[in-house]
Amino acid sequence: MSSERFLRLPEEKRNRFLDAAWEEFTTTRFADVSINKIIKKAGIPRGSFYQYFNDKEDLFSYLLENVRSWVKDIFREALAEAEGDIFDVQLLCFDRLTAQDMGVDPMLKRCVQFLRRNQGVDIQKLIPKGPEDTPSQVLMNALREDLNLKGFRRADWDYVQNVMSLAMAALGSAFMDSLMYPEGRERFREELALRLEIIQHGCKDT
């Protein structure tokens with residue numbers, strides 16, 4: 001993770017470095033990302049990079065932290081609109097993430113460019129952390145107090161986490177399908193709604 005030295009950089013210099021990093025990560029496959037290109041575009045000495053980060057994986061982990069914060073904000077806004085409903089929030093987030101006018105959002109644009117450039121890459125494997133620090137776990141823990149658990153068969157956190165994990169997996173699949181095939185957005189949204197209904201109510205009569 002970034003050093004205190006990096007966080008103490010003047011904002012303009014820090015942002016110039018991060019913009020250079022994002023440009024490299026979104027225009028080059030992860031395996032081919034070049035630290036030399038990043039520092040050249042950012043205008044910093046090579047030695048300074050290693051005072052800020054250990055390697056490109058460390059830098060990418062820092063960039064993902066910014067993405068996590070951005071995703072948390074989207075989910076918090078959607079949860080407020082959905083009054084804490086775990087299932088409604090997935091559809092609201094899908095609409096927010098796939099809206100045509102979202103192309104102007106710098107963070108979404110960067111995420112989309114990276115995912116398209118690195119299809120098949122498991123981002124979680126690029127983050128050297130424990131199982132409780134996966135992006136989905138971090139997000140669920142951050143939103144825990146905002147969830148409305150009325151009507152749940154069980155309200156213990158382990159149970160709720162598993163339900164939300166299934167719902168978020170459905171959202172992730174629909175988002176990636178829409179990303180790869182934007183012309184099918186409405187169909188993918190309908191499939192997401194059906195999967196959420198199955199998660200919520202089950203698939204068998206009792």
### L63 side chain near V67 side chain, heavy-atom distance below 4.5 Å
no

### Query
Does D156 have any side chain to side chain donor-acceptor pair (under 3.5 Å) partners at least two apart in sequence or in another chain, and if so, which?
R154

### Query
Does a salt bridge link D95 with R189, judged by any charged N lying under 4.0 Å from a carboxylate O?
yes

### Message
Please evaluate residues F53 and F17 with respect to the criterion side-chain contact (heavy atoms from CB on, under 4.5 Å), reporting the C-alpha separation (whole Å), side-chain torsions for both, the decisive distance (0.1 Å), and the verdict.
### Response
CA-CA 12 Å; F53 300 94; F17 175 85; 3.5 Å; yes

### Query
Is R195 close to S173 at the side-chain level, that is, under 4.5 Å between some pair of heavy atoms?
yes

### Summary
Value for CG (L59) from OH (Y52), rounded to nearest 0.5 Å, stands at 12.5 Å

### Interatomic distance, D177 atom CG to F94 atom CZ [nearest 0.5 angstrom]
8.5 Å

#### Entry: L9 and its side chain to side chain contact (heavy atoms under 4.5 Å, CB included) partner, picked from E11, R5, K13
K13

### Separation of D146 CG from E83 CD (nearest 0.5 Å)
13.0 Å

### Task
May I ask you to check whether S178 and R185 show a side-chain donor-acceptor distance below 3.5 Å?
no

### Task
Would you tell me whether Y50 and R46 have side-chain atoms, one donor and one acceptor, within less than 3.5 Å of each other?
yes

### Query
Should R110 and D19 count as side-chain neighbours, where that means a heavy-atom distance under 4.5 Å?
yes

### Query
Can you check side-chain contact (heavy atoms from CB on, under 4.5 Å) on T26 and R117, steps first, answer last?
CA-CA 7 Å; T26 56; R117 182 69 61 178; over 6 Å; no

### Exceeds 12 heavy-atom contacts within 6.0 angstrom, atom CD of E145
no

### Task
Using a strict cut-off of less than 4.0 Å between a Lys/Arg side-chain nitrogen and an Asp/Glu carboxylate oxygen, indicate whether R187 and E190 qualify as a salt bridge.
no

### Query
Applying the 4.5 Å side-chain criterion to the ILVMFWY set and letting contacts propagate, would V71 and M140 be lumped into a single cluster?
yes

### Message
With a 4.5 Å cut-off on side-chain heavy atoms, are N162 and W157 touching?
### Response
no

### Message
For a quick test of reading the model, state the closest non-hydrogen atom pair linking A42 to R16 and the distance between them.
### Response
O-NE, 2.8 Å

### Query
When you look at OH of Y181, are more than 12 heavy atoms from neighbouring residues, nucleotides or ligands closer to it than 6.0 Å?
no

### Task
Please name the pair of heavy atoms, one in C203 and one in I198, separated by the smallest distance, quoted to 0.1 Å.
CB-CG2, 4.2 Å

### Task
Output, in order, the C-alpha distance, side-chain angles, deciding distance and verdict of side-chain contact (heavy atoms from CB on, under 4.5 Å) for V89 and L79.
CA-CA 6 Å; V89 75; L79 268 175; 3.9 Å; yes

#### Entry: Contact summary for I38 and A20, nearest pair of heavy atoms
O-CB, 3.7 Å

### Ring centre gap for F188 and F175 strictly below 6.0 Å
no

### Message
Within 45 degrees of the ring normal and closer than 6.0 Å to the centroid, is that where the cationic atom of K56 sits relative to F30?
### Response
yes

### Message
Less than 4.5 Å apart, side chain to side chain, heavy atoms only: is that true for Y62 and N66?
### Response
yes

### Query
About how many Å separate CZ of F25 and CG of D32, when rounded to the nearest 0.5 Å?
11.5 Å

## Note on the structure
Nearest heavy-atom contact between D58 and D55 is N-OD1, 2.8 Å

### Task
Determine, step by step, whether I86 and L149 satisfy the side-chain contact (heavy atoms from CB on, under 4.5 Å) criterion, reporting the C-alpha distance in whole Å, the side-chain angles of both residues, the deciding distance to 0.1 Å, and the verdict.
CA-CA 8 Å; I86 286 177; L149 305 181; 4.3 Å; yes

### Rounded distance [0.5 Å steps], CD in E191 versus CD in E186
12.0 Å

### Message
Please check: side-chain N/O of E24 versus main-chain N/O of S34, any donor-acceptor pairing under 3.5 Å?
### Response
yes

#### Entry: Ring centroid separation F114 to F60 under 6.0 Å
yes

### Query
Closest heavy-atom contact between R76 and A142?
NH2-O, 3.5 Å

### Task
Can you establish whether the number of heavy atoms outside K40 located under 6.0 Å from its atom NZ is more than 12?
no

### Query
How many angstroms lie between CG in L166 and CD in Q90, if you round to the nearest 0.5 Å?
10.5 Å

### Message
Under 4.5 Å between side-chain heavy atoms, counting indirect links through other Ile/Leu/Val/Met/Phe/Trp/Tyr residues: same cluster for L194 and L171 or not?
### Response
no

#### Entry: Transitive ILVMFWY side-chain link L92 to L143, under 4.5 Å
no

### Task
Would you name the heavy atoms of F87 and I199 that are closest together and state the gap between them?
CE2-CG2, 3.8 Å

### Task
Check whether any side-chain N or O of S165 sits under 3.5 Å from a backbone N or O of Q161 as a donor-acceptor pair, and report yes or no.
no

### Message
Under a 4.0 Å threshold between the charged nitrogen and the carboxylate oxygen, would D73 count as salt-bridged to R96?
### Response
no

